[in-house]
Structures are given as C-alpha cells and as structure tokens.
There are 2 protein chains.
Amino acid sequence: MENQKRTRVGIENVKPEVEEGIYPIKRVIGENVIVQADIFADGHDMVSAQLLYRFSEDSFYERISMVHLGNDRWEGSFRVDRIGSFLFTVRGWVSEYRTWCQDIGKKQDAGQDITVDLKIGISLLEKTKEAASSADARFLKNLIDRYGKKNNDEKIISLLLDEKTKELIDKYVNEDIITYYKRELCVVVERKRALFSTWYEIFPRSCATKGKAHGTFKDCEKILPDIANMGFDVVYLPPIHPIGKTNRKGKNNLPTLEIDDPGSPWAIGSKEGGHKTIHPKLGNMENLQQFIDRAKKLGLEVAIDLAYQCSPDHPWVKQHPEWFKWRPDGTIQYAENPPKKYEDIIPFNFDTPDWHSLWEELKSVVLFWIDNGISIFRVDNPHTKPFTFWEWLIKEIRQEHPSVIFLSEAFTRPKVMYRLAKLGFTQSYTYFTWRNTKQELIEYLTKLTTSEVKEFFRPNFWPNTPDILPEYLQFGGRAAFIIRLVLAATLSSNYGIYGPAYELCINEALQGKEEYLDSEKYEIKRWDRNNRGNIKEIIARVNKIRRENPALHYTKNLRFYNIENDALIFYAKSSEDRTNTIFVAVNLDPFHPQAGRVQIPLSELNLEADQPFLVHDLLSDEKYIWQGEYNYIALNPLVLPVHIFTLKRYLHRENDFDYFM
Amino acid sequence: MENQKRTRVGIENVKPEVEEGIYPIKRVIGENVIVQADIFADGHDMVSAQLLYRFSEDSFYERISMVHLGNDRWEGSFRVDRIGSFLFTVRGWVSEYRTWCQDIGKKQDAGQDITVDLKIGISLLEKTKEAASSADARFLKNLIDRYGKKNNDEKIISLLLDEKTKELIDKYVNEDIITYYKRELCVVVERKRALFSTWYEIFPRSCATKGKAHGTFKDCEKILPDIANMGFDVVYLPPIHPIGKTNRKGKNNLPTLEIDDPGSPWAIGSKEGGHKTIHPKLGNMENLQQFIDRAKKLGLEVAIDLAYQCSPDHPWVKQHPEWFKWRPDGTIQYAENPPKKYEDIIPFNFDTPDWHSLWEELKSVVLFWIDNGISIFRVDNPHTKPFTFWEWLIKEIRQEHPSVIFLSEAFTRPKVMYRLAKLGFTQSYTYFTWRNTKQELIEYLTKLTTSEVKEFFRPNFWPNTPDILPEYLQFGGRAAFIIRLVLAATLSSNYGIYGPAYELCINEALQGKEEYLDSEKYEIKRWDRNNRGNIKEIIARVNKIRRENPALHYTKNLRFYNIENDALIFYAKSSEDRTNTIFVAVNLDPFHPQAGRVQIPLSELNLEADQPFLVHDLLSDEKYIWQGEYNYIALNPLVLPVHIFTLKRYLHRENDFDYFM
C-alpha cells in the first residue's frame, strides 16, 4: 500500500508511437511532430497536460502546454531541427488552481456568494509563492496584496482567472502529483533526402558509346548531364564488384554460358576481389571518385548496392568457409527457393557459430564505401537476412554517420517489410509496382499515409526495376509509362525508375513473365538514349514540378477526392503551411479517353460556390477557369493521360489571379 | 554485440491485450480465450508457433500449437475452467525441420534429385535424437534405421514429412532460438454471474404494506417471490444505513424539510452509525440475514450499495476530521458540482495526508458486508474517487474473495468509464439509457462488442434508475417500457431495472428533466405492485427466455442484420457451439406500427434458398413459416413491439421441425 501511486491522472493511447516505443518514429529535419494522448482524471477537476521533448544529447526537456481537443484527448507539437534523435513524452496532473478557477467562474455566473472561495484561491497563491522564483513570487505577492486591499474587486478576480496566472502556478506543480507517460519515445531525424528523393538506376557497364564494349565509370560520366537534365537527384548503380565465373548465368538467365557473357552483377566476387573491390572493367577507385565528384557538381548523389551474398569464386569462400553452409556431399549450399535454384549465388549462414566475425566484416563493407564517398545504399533482399543483424548494423553505422540512407529492397510479406522499416531502414520498396486500379491505389495509399505505417515506413515507388517489367507496362504502350511515372512521382515523395529502359518505354517481356526480355542483368546493352518516342521531356517536367512544389516533398499529406469515373483518379497534396497545393488527375486506362466530373473541396480551399478560379496544368501549361464544386475533366491517353494542377483564385480582374495554394 | 539477440522470429500485435498487458482481460468460468499474434521470420523458412497458458498458481505452462491463418497471423485458444487468474503468452521459432520438409516436398514435385537433401533431413533427426526422451529417441532411431536400409523409399519420405514427426521435433527445440512474446498476459476469471445477471433495484423502505409506514426487511421478504417470479436473480438495495439529519433533502430534492421526510439513503451516517450500521427502521443485522436467506432460497442474490460519502452527521466526521476538506471559514466542504450543491453529502478528501487510514477503513466496510453474506456491490459514483484507490481496493478484496462482484455506477466520460473497468470493476453502467435510435444502438453496441472494449468492459444495461427517467420512457407509453426492456435484456447479458416504477410504467417526470416526479430517493412510496397496465408478465417471459437460451448469456456474440426500415432493428446471438441462436426484431417507434423485410443470413445458418423454415416467437408463442433470404415483419406497438425468435428447420413433414439453432 505504501507503494501505491497517489497520482490521479491516467495517460493512454499516446500517438505517434511504434510498437510500444521499441522502435522510433521517423522524421526529416524541419518536420513537425504532433503528439496526441488521452489524459484524464477522476471526477470533474481540471487537468494540466504538457508535452516534454529534448534532443537526445541535451539534458533538459522543453515543456509545451498541450491543448484539450475534447473527450479527454490532448495535443501538442514540436519541430525537429537537428539530425539525430529527439526524445519526447507527456505528463499531466490535476490542477487544483485551474479547478478552482473553473468552479469560481460557474459560481459567479450563478450569482452565488464567493467570499470564502476567494480565500481558498488566495491560499493556493500563497502556497505557490513559497516555492516560486523571486520574480514570480513578486507577481503573486502583488496579486495577494491587491486582494487584501479590495477583496471582491472584479479586476482582481479576472487577474486570478487569467491564463498567465494559471501557467505560472503550473510551473511550480509538486512532482508527487504528476503522472508521467510510462516511457520516453524516440524520433529519428534524418536529412531531407530521406523523405524527398528521385532515383535513377543505371547499369554502368552499358554506358559505353560503341558496340557492346564494357562500359566504364568514365563512360558513365558522359551520361550524367542527361540524368541531371531529367531532374533526378540520386544515381543508383547495381553492384560494381568483380563477378564470379563459376555457374555464371548467361543471356536471359539461362545456364548456357557464351564466352563473353558478363554475368549478373549480383554474383559478387572473383579471384580479383569481393565486396570492397571494383570490377576491373569499370575502372578503379580513382575513376569512381571522379564519377562521384562529377555527379555531385550536377546535383546528383551516387548510391550503390549492398548485396550480402557471394559468387562461388568470392575470396571469402576460401578464407571463411565457416560463414557458409556445406552439404553432406561436401558441396557448398547455393541460394534456392525450391524448386528455383540460383547456382551463381551463395548466401551467408547467419547462424554460423562464427557470426561475430561475419557481422563485423559485413559492417566493414559499409564503412569502406562510406570512406569512399558513398552515403546512400540500396540494400538487396534484406528480408533474407536476420532482423537482428540489420538492427545492429544500421544502429552501428548511424552512430557515426547519421546521414547515411538505406533503401530496403524487400518485396515480401507486409509484416516483414514493415519490421525492416521499423528497425531502421530509411526507405522501402513497395507494392506500388502492382497497384494499378483506382481501388487498389486508394486502398494501398490510404494504408501507407493514414495508418501508423506512416510513422516508420517511407515508401519509395518504382514503376519498373531490372527485375520487374509489370504487365501494365508490357501492354499499355507509351501512355502506360507516363501514367505510372506520374503516379509514382506525385503519390510518393520518394520514387525511382530503372533507365534508360523506362524513358525509352521498353516493354518486351519474357513470355508469360513480368521480366525483361534480354535483361540487362545478364548482358551488356547499348541504348540509344534519345530514341524516338522517349518520354524524357515529360520526366524532366514532372521532376521540375516536384522540385518546385513543396506539397510534393511529402507523402503522408496525400488526400483523395471524388472523381465520377472509375478509370480516373484524383488526389491532392498541400505543404504544411498550406501555401502550396497540387491536384493530380490521372486516367488509369492507357487505351481510351476517359472523362468525368471532379469534386473540388471548396470549403477546404476557402472558395465560395460562386467564385471562379483558375486551374493551371503545370505539365501541359494549359489553363482553365472553373467554378463551383463539380468541374469536368477529359483525359486522352494519346495526348496526355494526366493533369497536374495548381489552382489560383480569380480576382475578378482580367488575367489577374492570386495564387492561394 | 554479444548481447545481440540471435532469434529470427518477430512477434507483434498479440490480441487480446489491454493497455500493453497492464490490465487483465476478463472472462467467466467456462469461456474460451482465443489468442492471435503476428509471428514471422526473415526469408522463406517455416515458423513454429505455440500458445502457452497456465493457471496463475501452477508452475508449468500448457503448450498449444498455433494455426497459421495466413499473412503471418497465427491463432490458438484455451478454455478457462477455474475462478482466479490465468497467464498466457506466445512463442515462435524458425523450424529447420519444417523448412526442410517444405523444401523437399517442392523439390520432389519438380522431379529434382533429393538424395543429398534426404541426408540433411536425417542428420536433423539424429541431432534431435540425442536430446530426446527414450520413447521419442526410439521412434527417431526407427526412422533413421529404415532410411539406412532403403533410403529413397516413398514410405520413409512420407513418414519424415508426417505432422507427428514435425511435432516430435518441435518438442526438442533449442531454447536459444525461441522468441518469446515480451510479456505474460493475464485473464481474470470470474463466476458466471459476472457476465449473466438480471438485476432488480428496490427501496426496502417502500415495502411496507400499510400507508406510508417505513418498510422493513421483514416487509421486503414478502415481495421477494414476486421478484423471483419475474425472473430476476439479483435484488439490489440502495444504501441501508442510517441517514443524516443536517441539510436533509425533502420531497423532490427541495431543501424544505417536512417533519417526516426520510432523507436520501445516499446521505449516509447519523449518530446511530455509519457504513457498517443498518438503518434502525429497516431492522437489525438478523433481519437482514433472514432476508438474504429467503432471497437465496428463491434463487436471488442480494446486492448492496457502496457509496463512499457521508452525511454531515456521520460519526467519522468527528472521529476523523482529517479525512475531509475544511474551508477557511471553519465549515466542512460539502459535495458540489458548481453551481449545483449537495449540502447533505460530504465527500472524502482522498488527498489527505492520512489517506492510509482512510483507505483501510473503506476497505474494512467491504469486508464487513462480505462477512455478513453480501458478495455483490453496486458502487456509487466511483468516478469521483481516485483510480489508484479502486485498483488497490478491488485487488485487495479479490485476493481473498475472488467471487465478489463490483458494478460501477459511473455515468461519465468514456475514457474514465473504461479506466474503471480496466482496473477491476466487474460490470459497468453504460450509455444505453440514452441510445434510442437504430443508428445510435448499432454504433454503440458495435463499439462495446467488437472493439477491444469487449475484453475488459462488461456492460450492464439499465433502461431506468431512481436517478434517470429517460425522455423516451416519459413519452412512449407502455410500449416504450416493453421496447427498452427487451433491448436491454437481449442486447446485453447483464441488465437491470429499477422497480416497481418500471413494471408499473411510471412516467411522470420533473418538468423538463429526466428525473422522476416525487422521486423515491426523497420519500417513502406505497406501490400497488399489481396495478393495471403493468408489464410483469412480459418481464417474466423475457427473463425466462434469457435463462433458457445460452445465446443470451453473452454480450459480445451480438450480430446486427439488415431490416428494411429505419424504425426497426434486427439482431441475433448464438451460443459458442452454435446450437442455440436467438433473433430479435424490435420496433423502436412506440407510437406507430412499422413493417419491413428482414434479411436472414441463410448461409450462416446452412439454409438453402428453397428450404422453408419455422420461425417461433418465444414471447408471443406465435409461429410462422418463412423461406428464402427476405421475409416480412410487422410490429404494432399497441400489440407487441418485438419478436424474439428461434428458427427451426422444416423437415417437410407436417408439424415436424428440427431445431437447428
């Protein structure tokens, strides 16, 4: 009984919180953290509630008064202005003084005698005065003295009931009566690119300008301006390491090996080296540095692949046979997902008794590339390695290098993808690649942007990858490529394409599969980057619109609106201060013109029904004047299957509009 | 790094769980606990998952294999067969053997050579054999020997892949690789009346048979057969203690005091005694014992009121002035909810430095009445006392007396009501009293029966109380009383009425309020219990139907079905084994006949569209033959505004039906 807590306030249902605070929520620098909690006490007494937050390395909490939203729900917020970790929690208590203020107000209104009640209030001030700083004590003494002279004066009472007086009293609350939420919660704050990034994946070996020669970093440098002109900011390279010879895969993943088949870059390691070595035909470390520097000058950051697996020829196989699985017949266990076999790739045995040295070596790979100027890693198949390994690795790296970004390439079951995001991956691949219909898109995006998933999972939308040429792109023609690009670029603040296959609208697949015919994974390609029918100009415009409109720098600000046609989808995003709003309408049918009425959320935009407004399509540069809630849209896939609008308020003078979003 | 957990399985989202397991879930003896969890691992390996449970005083867990429901969701269940506490948790691990079985099956199907794989499987058996009991080791040795003789034999392989073999291997899993859910969860198991009870509230002082004399327990005994005949099983008495004289309230809660006004029973305490004393005019402790015994013989349990507050004349006020609040003018602080004043009642000061002695004394009150044969307490206004007090009190009482039932009379904000339920109250008053329309009822009941609320909050539905005569009853006439009774009795397994005001359909209210005119709280009444127009016969029938149909012994088994009229509501409940199903249709409009088609869930009932079935109204004893999904219902409030149906399958022989629910 002596240990019985005597606090009267209950605190529950604190949001945002991931898995009882085991995992942090995620933000980028400059973002807001809006905290809500159920905070309540027995009876009718008034509660005071505060949000406490601090940078993890600071000692003291900032305190923010929370606001009562009704039904015992409270809210407060703070902005994260540094990369690293912030901690926050909430606390509440029954405020004797605020309760007194509430009651005396009601008694006054009912015309009851409050003489004795006033004395009670003054005694509360006196109690606080003893604990108060000299300035605050002076303030309180002044109040008490004024009451002493002229006790029932209306002016004194209004000073007593003033919010400033209440907050002063709150400052000296007795710790014994405060309920603290049971834990501190953590926000990991990353750099802005963690939330807003535009990726371009390219095989450097296909960048040679002549014939089927093996491309080099030097060749790649020449392509960088083209990538920058399209508006990308991350150039991601598949593995750049030596490729094994044993069981090397040939064209179209067939086992037959032509003499000059280059092999899959993911079959890492040969006698020339492993994960810390550059494929000799790409160049050397100096060439890579030049490539990184050149990219940087063009506003591009280079990302590389982190594929924790080996070819049978990887030096580690001989140096550390204990890191792999061996079969009773003495052969090494290659990768398989029965009945499929991947004989050119050997997985690590993370259960090895020697896991300690294996984990350390894998960590040293990341550190090696960080030392060589890389700070974005696209991680290959993280879902086939233990969660605990990633949790350890990412924490270790982040301690010294908080700006490093890890993109999880996990196309697997949802709970596994979410766990990888929770334990630390910055961004993640998604199911967007297979969400094509209006219903599928709304359902999936609603989950990503409105459920607790939004607190830890940052989607990165890819309409294609070297592994995946979706059916929709195989059959939808050029319009399909534009549709999927605009969806990816406007639904998600992070997105990427595998080029130049994308901008050239390459759509030939292996029969009955969602894989590229003559995939670049198994052969060197020679692309005509400016081939007829390419959509480079549209990509450049879309990426420019993304850069220039802060509304598109976020994902969880997405809102869907009504459009009266199931082949059309209509949605909007606004910047936090609502000075920038982008509306997007997409015809999801790549074959037929579709039309329908959109329902504009007039009240959200402070528009009256009789007020005309200008609609400006930033992609086509066309302008329309609309009015009222319902307006007509028609989208022809042969012309342009999308609108990306801003709206401007019409000031009733010709050609004079006021941007209001 | 050495402390890094090496387990590969994640366990999340375990249900049922209340507030991260801080509070237990609730069951009554004989109920099931169905446990679900997300249990998943990296990669494609197979997971084994178990539910562990034990009675709190037992040392060892029972283990139940959980079943994979899909999408990494697993389920298992156990039955609670003892009053007290059960503990449960879940665990999972990556099963090397089950993974091997899955892979070899796929390889076999693809016609691949499995010679080496078989050796791997056998080595797993050999590893297990070393740890196994002698019986299990013999079983494994036999398998290994048979493989040794004839290794690729189909029969051997099917033995290896047999579920029995897998479960045997699971028994010897290495603890190192098991992930346990992070906590043990608790189920508090109570007696059946905690979930199924039928309350009748009566003022004993109004039970005298002559004039306005003060009734006694002896008088009350005479009324017990009538209450039992109506089918109730709990008789609840408002406070039976001496009533204070100071500031006593008169008729209709007016301050003017007639010489013989008896005062409110909730103004507890006079010089004759306090919470452990019986009002002298009701009788003595021996009379109460006789009353309790007589009730018991009629199948009735007596509940009393636990109202922790005092009249100004309570002996405690003089003995323990430190338990109360005193104002600067030397007067005691009476109860108020400004601007309302309750001068006849003084609350305790739970913040007193002497809280220790106060809490102990309040606990001794409960123990005193338990010693005198009471084990159901209706707790008055628990929401105006600290949560921590109730949590301590209920835990203390339950340790020695696990059968005691506490009903929380908290009509307050939802989060406060839920917290009181979480911390231990057995049952709770609800907002049912003010939920009248179809939409209100469906919304509220859906919350109570399908959200996490169902795990800790046991509703007790009261259509009226001495404090509340709802508008619906004031204006709806006799039909309204029948409608609200049937709703309470069939929607909730716990319900009660304040009688005889209810069965006599008393509907005169204070002008503009939801309070009884000439309320029994302030005066002694003389009721003609068999007055014309009473609904005793209907109450008796409804309570008989409740008793005889296990479907109505639960609340969270409620399901709403479509009925094509917004004035009509239609719902059903089934017993756990589905051998008993009750359908209820209610006309919520007490003034007009209403009709519409109900939609019978044929597939849930295994009925074909062309199969006629018998519908038997257990209340009116009328029978109908229906067929197909849609059937017509008409309910006239002047006749009977409700149906309470069972359905019987028609066997195509006249008058020969087969009960199937």
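Here is how names work: the chains are called A, B, and so on, in the same order as the sequence lines, proteins then strands, and each is numbered from 1.
- The pair Glu336(A)-Lys106(B) fails the salt-bridge criterion, with no side-chain N (NZ, NE, NH1 or NH2) lying under 4.0 Å from an Asp/Glu carboxylate O.
- With a 4.5 Å cut-off on non-hydrogen atoms, Ile104(A) does not touch chain B at all.
- A pairwise comparison of heavy atoms in Pro386(B) and Asp42(A) identifies CA-OD1, 3.6 Å as the closest pair.
- With a threshold of 4.5 angstrom between heavy atoms, Asn71(A) approaches chain B through its backbone and through its side chain.
- In this structure, chain A has no heavy atom under 4.5 Å from any part of Asn381(B).
- For chain A, the nearby part of Lys385(B) is the backbone; its heavy atoms alone come within less than 4.5 Å.
- Separation of the Phe387(A) and Phe40(B) ring centroids falls under the 6.0 Å cut-off.
- Here the options are Leu118(A), Val116(A), Asp117(A), the test is side-chain contact (heavy atoms from CB on, under 4.5 Å), and the partner is Pro328(B); only Val116(A) passes.
- The contact between Gln112(B) and chain A is made entirely by side chain atoms (from C-beta outward), counting heavy-atom distances below 4.5 Å.
- Of the charged side-chain nitrogens involved, none lies within less than 4.0 Å of a carboxylate oxygen, so that Asp72(A) and Lys415(B) do not count as a salt-bridged pair.
- What you find for Arg413(B) and Ala41(A) is that their closest heavy atoms are NH2-O, 3.5 Å.
- In terms of heavy-atom pairs under 4.5 Å with chain B, the best-connected choice from Ala110(A), Pro382(A), Pro338(A), Pro414(A) is Pro338(A).
- For chain A, the nearby part of Ile22(B) is the side chain; its heavy atoms alone come within less than 4.5 Å.
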